[in-house]
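Input: a single structure, listed below in structure tokens.
Just so we're on the same page: letters track the sequence lines, and every chain starts at 1. Everything numeric here is computed off the predicted structure, so don't read it as measured data.
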Amino acid sequence: MSEPPASDRTLNNQTLNQVYATLTKNTSQQPEFIPQIFYALHQFKEDSKSGGNSLETATSSIRHRIKLCKSYLREDPHCIELLSRPYEDWPQVVEQKQQEIETKKLVHKQLGERIRAMIR
Amino acid sequence: MNSSSSLHLSQQDSNNDELNHVQQVTLYKDLCQFEEDLQKLVVSVDKFSPDLQAAQDLINSDLKLYSTLEQLPLYDSIDIQLKQLDNESQEIDERTGKILSILDKCYNNLNKLPMVEQVEFEMKMMKKQKEKIKSGVLLEYAMKLAKFTRVPPTFNKDAIGPNNFIWPAEDAIRRGMLAMASLKSEELTRIPVELNSEEPQEPPQKGQSQEEDEVTPTHSSDTPSSKPDSKSESFEFTGKAKNQQSTQYSETGAHEEADGSIDLDLDLFNPDEF
């Protein structure tokens, strides 16, 4: 089973999904950054002779998308906490939490056995 | 004024903390770096002096940004695992809280109960107290009661068997009844007319008439004309009778002294008869 292309992938975390969609789902209105900048430079070169639009205006949509992504991240503390650690560190954290849960379950089991023994 | 300014400062501090925290995030740093490099390139191009280094930095920032974005699905899977573990941990914590509250209630209920040692001590004391009431005391009390008891009406006197009854012998019962009759001699021998005039007559009882038959068998034959109904002659142990008795005693003082001097030792029952 092959992974879906990045543009079609949907993430469960809402903030991550918004950031991912904003930066990777490229359409004609929302193209990739570098091709869009290259096209804007080309247009600037063409229009400069006639004194047309500036490059800043042509790349405003890129800056807008980047600001949107930054605002998504700032508004979600949970996502900030998730992304603040390197990905390689998280499996250890997950394993540690699993061990804690297993320990709690074991305590419950022992408590239940002691109570059953006392009732008998 | 001071409070509003301090509140404003605290909000600024919290915003600064959040900003510092989010700036540690790699993705956020990459976005800022891309934005900065793009701004450098735009400024240089708009000034008609394009900076090639800025363009190269922008391409590097773009590569780094998209390499970071490739990790987002991995972070997402980690987030799913963490949420599942958090939910499971929360359920276990809630269950633990419930168990602890139940155990706390049980502990309090058990504390309200007396201790086992205390219960055992009280049981021992009760047993000791029960042991102190010895059979001799009970027997003595029973013998005192037995002086005036009769043979149960359900007992078959003709039955052959051991003669170890809890009631006294026939002659002892008769002696007890006679002693009682001697105490109440004034009541039993007074004129029935006075009785009828001074106090309302109680309805006759079968048991009392039988008692009188046994105690004073000749009484009804002494006054047959004045008292046709022999059941009305049965005596009663009431306060009024005592008053009447006292008035009659005043009339017959000498006789009273004689009655008072009677030894009322009713210990007529001999326990050796058993």
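A salt bridge is absent between E35(B) and R65(A); no separation between the charged side-chain nitrogens and carboxylate oxygens falls under 4.0 Å.
In the displayed structure, E113(A) atom CD is contacted under 6.0 Å by more than 12 heavy atoms of other residues, nucleotides or ligands. For K64(B), the NZ atom sits in a loose shell: 12 or fewer heavy atoms of surrounding residues, nucleotides or ligands are nearer than 6.0 Å. Under a cut-off of 6.0 angstrom, the local environment of CD in Q14(A) is sparse, with at most 12 non-hydrogen atoms contributed by other residues, nucleotides or ligands. Other residues, nucleotides and ligands place no more than 12 heavy atoms under 6.0 Å from the NE2 atom of H64(A). Annotation for K83(B): atom NZ counts as buried by contact number, over 12 foreign heavy atoms lying within 6.0 Å.
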Discussion item. Please determine whether side-chain contact (heavy atoms from CB on, under 4.5 Å) holds for the pair E56(A) and V45(B), giving the CA-CA distance in whole Å, both sets of side-chain angles, and the decisive distance to 0.1 Å.
Written reply: CA-CA 9 Å; E56(A) 187 168 5; V45(B) 170; over 6 Å; no
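L69(B) and Y20(A) get closest at one heavy-atom pair: O-CE1, 3.4 Å. Between I62(A) and L38(B), the shortest heavy-atom contact is CG2-CD2, 3.8 Å. In this structure, Y75(B) and Y87(A) approach most closely via the heavy-atom pair OH-N, 3.1 Å.
The CD1 atom of I34(A) sits 5.0 Å away from the CZ atom of F34(B) when rounded to the nearest 0.5 Å. A distance of 7.0 Å separates NE2 of H21(B) from CD of E81(A), quoted to the nearest 0.5 Å. To the nearest 0.5 Å, atoms CD1 (I66(A)) and CD (Q33(B)) are separated by 11.0 Å. Note that CD of Q90(B) is 11.0 Å distant from CD1 of I101(A), once rounded to the nearest 0.5 Å. From L85(B), atom CG reaches atom CD of Q96(A) across 11.5 Å, with rounding to the nearest 0.5 Å. Here the NZ atom belonging to K29(B) is positioned 12.0 Å from the CG atom belonging to L83(A), to the nearest 0.5 angstrom.
Proximity of Q81(B) to W90(A): side-chain heavy atoms (C-beta onward) are nowhere separated by under 4.5 Å. N12(A) places none of its side-chain heavy atoms less than 4.5 Å from the side chain of D79(B). Proximity of S89(B) to K97(A): side-chain heavy atoms (C-beta onward) are nowhere separated by under 4.5 Å. Residues L31(B) and L73(A) are in side-chain contact: their nearest non-hydrogen atoms beyond the backbone lie under 4.5 Å apart. When side chains are defined from C-beta on, K70(A) does not count as touching V22(B), because their heavy atoms never get closer than 4.5 Å. The shortest distance between side-chain heavy atoms of E88(B) and K105(A) falls below 4.5 Å. Inter-residue side-chain proximity for Q24(B) and R85(A) is flagged as unmet; no heavy-atom pair is nearer than 4.5 Å.
In terms of heavy-atom pairs under 4.5 Å with chain A, the best-connected choice from V43(B), D86(B), L74(B), D93(B) is L74(B). Here R63(A) is the residue among E32(A), E100(A), R63(A), K67(A) with the most heavy-atom pairs under 4.5 Å with chain B.
Both the backbone and the side chain of L72(B) come within less than 4.5 Å of a heavy atom in chain A. Contact annotation for L82(B): only side-chain heavy atoms (C-beta onward) come within less than 4.5 Å of a heavy atom of chain A.
Below 4.5 Å, heavy atoms of chain A meet heavy atoms from T96(B), I99(B), L103(B), all part of residues 96-111 of chain B. At a heavy-atom separation below 4.5 angstrom, chain A is approached by L58(B), I59(B) within residues 53-60 of chain B.
Remark: side-chain polar atoms of D46(B) are paired, donor with acceptor, to backbone N or O of L55(A) under 3.5 angstrom.
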